[in-house]
Structures are given as structure tokens and as C-alpha cells.
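Atoms within each ligand, like the ligands themselves, are counted from 1 in listed order.
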Amino acid sequence: MIPLVLDLCRLTVVYAGRKLCDMFPCGKEEVDQAIQSAHAAYLKWSKMAGMERSRVMLEAARIIRERRDNIAKLEVINNGKSITEAQVDIDVSWQTIEYYAGMAGTLAGQHIQLPGGSFAYTRREPLGVCVGIGAWNYPFQVAVWKSAPALACGNAMVFKPSPFTPVTAVILAEIYKEAGVPDGLFNVVQGGAETGALLCNHPNVAKVSFTGSVPTGKKVMEMSAKTVKQVTLELGGKSPLIIFKDCELDNAVKGALMANFLTQGQVCCNGTRVYVQREILPKFLEEVVRKTKTIRIGDPLLETTRMGALITKQQLDKVLGFVSQAKKEGAKVLCGGDAFTPDDPKLKGGYFMSPCVLDNCRDDMTCVKEEIFGPVMSVLPFDTEEEVLMRANNTTFGLASGVFTRDISRAHRVAENLQAGTCFINNYNISPVEVPFGGYKQSGFGKENGQVTIEYYSQLKTVVVEMGDVDDYFNN
Ligand code: NAD
């Protein structure tokens with residue numbers, strides 16, 4: 001895998017030494033055009049019955065399901081993750097569109113009775129043109145997680161993928177069009193920070209749903225505030241995974257791998273601070289290292305590969321930098337943590353890295369405090385539940401968390417006391433569309449997935465109906 005090489009003035013997309021395409025970042029004129037055409041499409045789409053929108057969306061889901069393997073291959077080229085993971089992403093995507101298609105026909109308000117036969121009712125209405133801005137780790141899936149609820153509610157969306165993964169959002173746009181959405185309803189604009197800023201500052205945008213890092217999320221919120229746009233922020237994390245001595249150890253070890261090495265460790269909700277109760281620490285480390293060493297790294301297009309390439313050279317260097325900093329601060333590398341060159345000559349230029357387990361970690365180390373966004377697991381011992389909860393919550397992030405224990409009361413007590421938007425009990429990184437996903441604290445606000453996301457892509461209008469006469473208050 002030679003991941004995409006991008007020159008931001010002209011997005012030149014290169015895979016395995018071959019140029020795939022050139023793309024040009026969109027400027028003010030293109031952004032204006034995209035928003036204008038999205039608005040024209042919105043005027044048609046929002047007047048359609050929910051059931052009509054549902055039928056079009058179901059057709060889009062059907063097409064994605066039919067082309068699943070092809071889209072997954074393109075996603076591998078786009079991003080560098082393994083084909084098996086990319087296939088799951090595409091499955092999650094068509095399921096998401098089906099789920100919100102099912103909801104499109106159910107959107108409704110409330111009828112409220114008032115004295116004297118008067119009444120009020122609420123209408124659930126779309127917001128208008130919504131903007132989606134995506135990160136590069138789940139390019140197709142993020143575009144779907146944002147567009148499916150937006151479209152189900154009657155909105156239009158202008159989506160900007162990360163400049164590192166510009167390809168598959170365009171495929172999604174083509175599929176929506178083929179399924180029958182009005183022209184311009186889902187528009188893709190390409191580019192980086194400048195294009196993103198044009199979208200966030202645009203007066204005709206009603207909402208921005210952003211997935212990315214905390215510093216960029218803060219900027220998006222600031223820009224959106226100028227015209228009081230609604231904002232959903234899905235930001236970074238440094239999530240704790242707590243493993244108690246009464247756990248099913250084999251499951252806890254598998255859970256720790258799921259929590260750290262999916263998509264080469266480039267997953268926002270990864271449980272990268274792995275707190276292990278001291279009594280089982282030696283056994284846990286032995287097992288986790290044994291399993292980590294057998295992870296197959298290499299050609300992401302092979303079904304047997306479990307880890308592909310990191311997204312860019314810059315990202316690889318950053319992650320390797322975290323490992324050397326950890327060593328300087330006293331951590332011990334139990335395995336991995338190096339750049340990796342697969343035997344296959346066509347993969348020589350790729351940004352591969354061996355998955356890393358760090359022992360001797362302390363809460364004050366950089367590798368434990370900062371989001372690494374690469375395949376690096378930091379293991380920390382703990383003694384008591386009270387102590388580990390305090391340490392787990394001692395962070396400005398709050399995206400996710402996990403606990404492994406056989407004690408059912410402890411599991412729910414820990415879930416209640418962890419300050420995070422999600423807590424996985426006896427598993428990790430399970431995100432079906434039916435389940436809301438989103439952060440606490442600086443990991444953001446607003447949710448994706450689940451019924452609740454309808455709230456984030458619609459607004460309630462109240463209509464009050466008088467059945468009698470207006471009170472003569474001013475002349476009495
Ligand atoms: P990033 O913040 O660098 O970029 C995210 C997106 O914002 C990109 O499309 C980028 O072009 C755009 N952007 C950059 N500057 C901008 C600006 N000034 N105005 C508007 N848009 C701008 O993040 P990244 O490196 O692409 O992704 C990694 C980060 O995303 C990690 O922190 C990760 O945890 C987070 N993430 C969060 C979730 C979640 O659901 N919570 C999911 C995936 C990734």
C-alpha cells in the first residue's frame with residue numbers, strides 16, 4: 001500500500017506509485033455554487049413526504065449493498081485500512097441509510113390541547129443546507145453517518161471529505177443521484193482548512209456537523225457562532241479501558257486489541273489508556289504481547305491482512321515520535337513501535353508500523369495524556385475501583401470508555417461513573433447504527449446514529465391555534 005500523496009494546491013492522488021487523479025481544492029466560487037445548488041434541491045426534497053424520501057434512500061442503500069466489494073476496495077485505496085475492515089464500513093453505511101430511511105416516514109410533531117377547545121401542535125421541520133466535514137479514518141462511513149439522518153429529515157448536505165481521502169465521498173454522491181435524489185441535494189466539495197472555513201462561515205448554511213480533532217473543532221464552533229449555526233462536534237479522545245482482575249482474561253486481551261489496533265490505531269474512540277488491576281498485570285501483558293506480535297501487517301487488499309498502512313508519512317512520523325518520547329519518559333516497549341517494511345516490493349513506499357504495547361506507563365506521560373492516533377497501547381497498573389475511576393476521568397477528553405469484569409454491579413457502577421459519551425462493557429469499539437455515538441467534555445457534543453440524531457438535523461415549530469376570541473385585555 002502506497003497511500004495517497006497529496007499536494008494541497010492541486011490534490012494529486014497517488015496509489016502504489018500510480019497517479020489516480022488530480023483534484024482542485026474548492027474556493028469561494030465553488031463553495032457558493034455548491035451551497036446554492038444544495039439549497040435549490042432542499043426546496044424540492046423538503047416538500048416531499050417522508051415516505052417518498054424513504055424510498056429514494058432505500059434505493060441508495062440497495063446500490064451500496066450491491067457494490068459493497070467495489071466500494072470497499074476503493075476505500076482501501078483511499079485510506080489504507082484492511083479490506084475486511086473496509087467491507088464492515090460499507091456494510092455499516094448501507095445499514096445506516098436503511099435505518100434513517102425507515103425513520104423518514106415517522107417524523108412527526110405533537111398535538112397539545114389548550115383551554116376552550118384551542119390547541120397547539122408542533123411540526124418537525126428540516127434545518128436547510130447542512131455542512132458535513134469529515135476526518136480521513138472512516139471516509140465513506142462518516143459521509144453516510146452525517147448525510148443519512150440529514151437527508152431523512154428533509155435537509156440538503158454539502159460534504160467536505162478530508163483532503164487525504166477525497167475519493168469515496170464522491171462515489172456516495174453519485175449513488176445518491178442514481179437513487180433519485182434531486183440534483184445538488186448531496187454535494188461534495190474538495191479541499192482542506194480553507195475550504196472548510198468557507199463552509200463554516202457561509203451565511204446560508206444552517207448547521208455544521210464536524211468530525212475531526214479538538215483544535216479544529218474549536219475553530220469550527222467559533223466560525224459557526226458568527227451566524228448562530230447549529231453545530232455537532234465529533235472530536236478526538238484518549239479513552240480509558242479498565243480491566244479488573246475478575247474479568248474473562250482472554251476476552252479482555254482481545255478487547256484491548258480491538259480497542260487499540262483497528263484502522264492502524266486511527267480510531268477516535270480507541271481505548272488507549274489500558275488500566276489493568278495489578279494482580280493480573282503480568283498475565284495480561286504476556287497474553288497481549290503474544291497476540292499483538294501475531295497481527296498480520298501488509299497488503300490491505302488481502303483478506304488475511306489485519307493492519308494496513310497509516311494515512312501519511314507525517315502521521316507515521318508523529319506516531320513514532322510519541323513512541324520515542326514515551327521511552328524517554330520511562331516507558332518500556334514490549335513489542336512493536338517501529339516503521340515496518342513488508343516483503344512485497346510493491347508495498348515498499350507505504351507507511352506501515354508494527355503495533356506497539358508500552359509498559360511502565362504513568363498517568364503524567366505524554367503517551368498517556370495525548371491522543372496518538374496510531375497503533376500504540378499504553379498499559380497502566382491500578383489497585384482499586386475508586387482510584388482507577390479518578391485516574392480514568394482525569395482528562396479533558398470524554399469520548400468513550402470500557403470495562404472488563406464479571407461483576408455485573410461493578411460493571412454498571414463503573415459505567416455510571418465514567419465521564420464519557422460511551423461505555424463498552426466486556427467488549428470494545430462496537431458501533432451499530434441503532435446506538436447513539438458522541439462525546440462528553442472536549443470530545444464534543446451532539447450525537448451521531450440512533451433515533452436521537454433526528455433531533456440534531458431538525459427543528460420544532462410550534463403552531464398555536466385559538467378557537468375562541470382574543471382576550472380584550474387592553475380595554476378592560
Ligand atoms: P482535522 O481536525 O485535522 O481535520 C478534520 C477535517 O477538518 C478535515 O476535513 C480538514 O480538512 C478540516 N479542517 C481543517 N481545518 C479546518 C478549518 N480551519 N475549518 C474547517 N475545516 C477544517 O482531523 P483529522 O486529522 O482529519 O482527523 C483525526 C482527528 O479526528 C482525531 O483527533 C480523531 O480523534 C478525530 N475523529 C473523531 C471522530 C468522532 O466521531 N469523534 C471520528 C473520527 C475522527
Run the contact test for Y138 against ligand 1 with a 4.0 Å cut-off on heavy atoms, strictly below, and give the result.
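Contact check Y138 vs ligand 1: negative.
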
So, does F164 sit close enough to ligand 1 that a heavy atom of it is under 4.0 Å from the ligand?
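It does not; every heavy atom stays at 4.0 Å or beyond.
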
Show which atoms of ligand 1 fall inside a sub-4.0 Å distance from at least one heavy-atom site of [X].
| X | result |
| --- | --- |
| M223 | 19 (N) |
| L399 | 41 (N) |
| P163 | 11 (O) |
| F210 | 2 (O), 5 (C), 6 (C), 7 (O) |
| S162 | 9 (O) |

I need the [X] [atom1] to [Y] [atom2] distance, nearest 0.5 Å.
| X | Y | atom1 | atom2 | result |
| --- | --- | --- | --- | --- |
| T168 | I71 | OG1 | CD1 | 9.0 Å |
| N187 | Y176 | CG | OH | 12.5 Å |
| I90 | I64 | CD1 | CD1 | 8.0 Å |
| L235 | S213 | CG | OG | 7.5 Å |
| T312 | D317 | OG1 | CG | 8.5 Å |

Protein contact of [atom] - nearest heavy atom, named by residue and atom, plus distance:
| atom | result |
| --- | --- |
| atom 23 (O) of ligand 1 | S213 N, 3.5 Å |
| atom 35 (C) of ligand 1 | G212 O, 3.1 Å |
| atom 21 (N) of ligand 1 | G196 CA, 3.6 Å |
| atom 11 (O) of ligand 1 | K160 NZ, 2.8 Å |
| atom 14 (C) of ligand 1 | T216 CG2, 3.5 Å |
| atom 39 (C) of ligand 1 | C268 SG, 3.2 Å |
| atom 17 (C) of ligand 1 | A193 O, 3.7 Å |
| atom 27 (O) of ligand 1 | A135 CB, 3.4 Å |

Does the N137 side chain pair with the main chain of Q266, one donor and one acceptor, at a distance under 3.5 Å?
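Side chain of N137 to backbone of Q266, a donor-acceptor pair under 3.5 Å: yes, one is there.
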
Please answer whether the main-chain N or O of A256 pairs with a side-chain N or O of N260 as donor and acceptor at a distance below 3.5 Å.
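The answer is yes, because a donor-acceptor pair under 3.5 Å joins these two groups.
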
Ligand 1 versus [X], non-hydrogen atoms closer than 4.0 Å: side chain, backbone, both, neither?
| X | value |
| --- | --- |
| E448 | neither |
| E371 | side chain |
| N137 | side chain |
| F373 | side chain |

Which of these, T216, V214, V220, V208, sits in a side chain to side chain contact (heavy atoms under 4.5 Å, CB included) with L233?
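Only one of T216, V214, V220, V208 forms a side chain to side chain contact (heavy atoms under 4.5 Å, CB included) with L233, namely V220.
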
Among L199, V31, L198, find the residue that satisfies the side chain to side chain contact (heavy atoms under 4.5 Å, CB included) test when tested with V131.
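With V131 as partner, side chain to side chain contact (heavy atoms under 4.5 Å, CB included) holds for just one option, L199.
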
Looking only at distances, please establish whether an N/O atom of ligand 1 is found under 3.5 Å from an N/O atom of [X].
| X | answer |
| --- | --- |
| K219 | no |
| G134 | yes |
| W136 | yes |
| F437 | no |
| T211 | no |
| L235 | yes |
| S443 | no |

Tell me whether [X] at atom [atom1] has more than 12 heavy atoms from other residues, nucleotides or ligands lying less than 6.0 Å away.
| X | atom1 | answer |
| --- | --- | --- |
| R65 | CZ | no |
| K441 | NZ | yes |
| E434 | CD | yes |
| F437 | CZ | yes |

With a distance cut-off below 6.0 Å to the six-membered ring centre and an angular limit of 45° from the axis, does K81 pair with Y138 as a cation-pi contact?
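Yes.
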
Name the one of K238, R273, R391 that satisfies salt bridge (Lys or Arg N to Asp or Glu O under 4.0 Å) with D363?
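Result for salt bridge (Lys or Arg N to Asp or Glu O under 4.0 Å) with D363: R391.
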
Compute the centroid of each ring, for W136 and then for F373, and state whether the two points are separated by less than 6.0 Å.
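Aromatic pair counts; centres sit under 6.0 Å.
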
Ignoring hydrogens, tell whether any protein atom lies closer than 4.0 Å to atom 4 (O) of ligand 1; use the non-hydrogen atoms only.
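Given the 4.0 Å limit, the answer for atom 4 (O) of ligand 1 is no, no protein heavy atom qualifies.
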
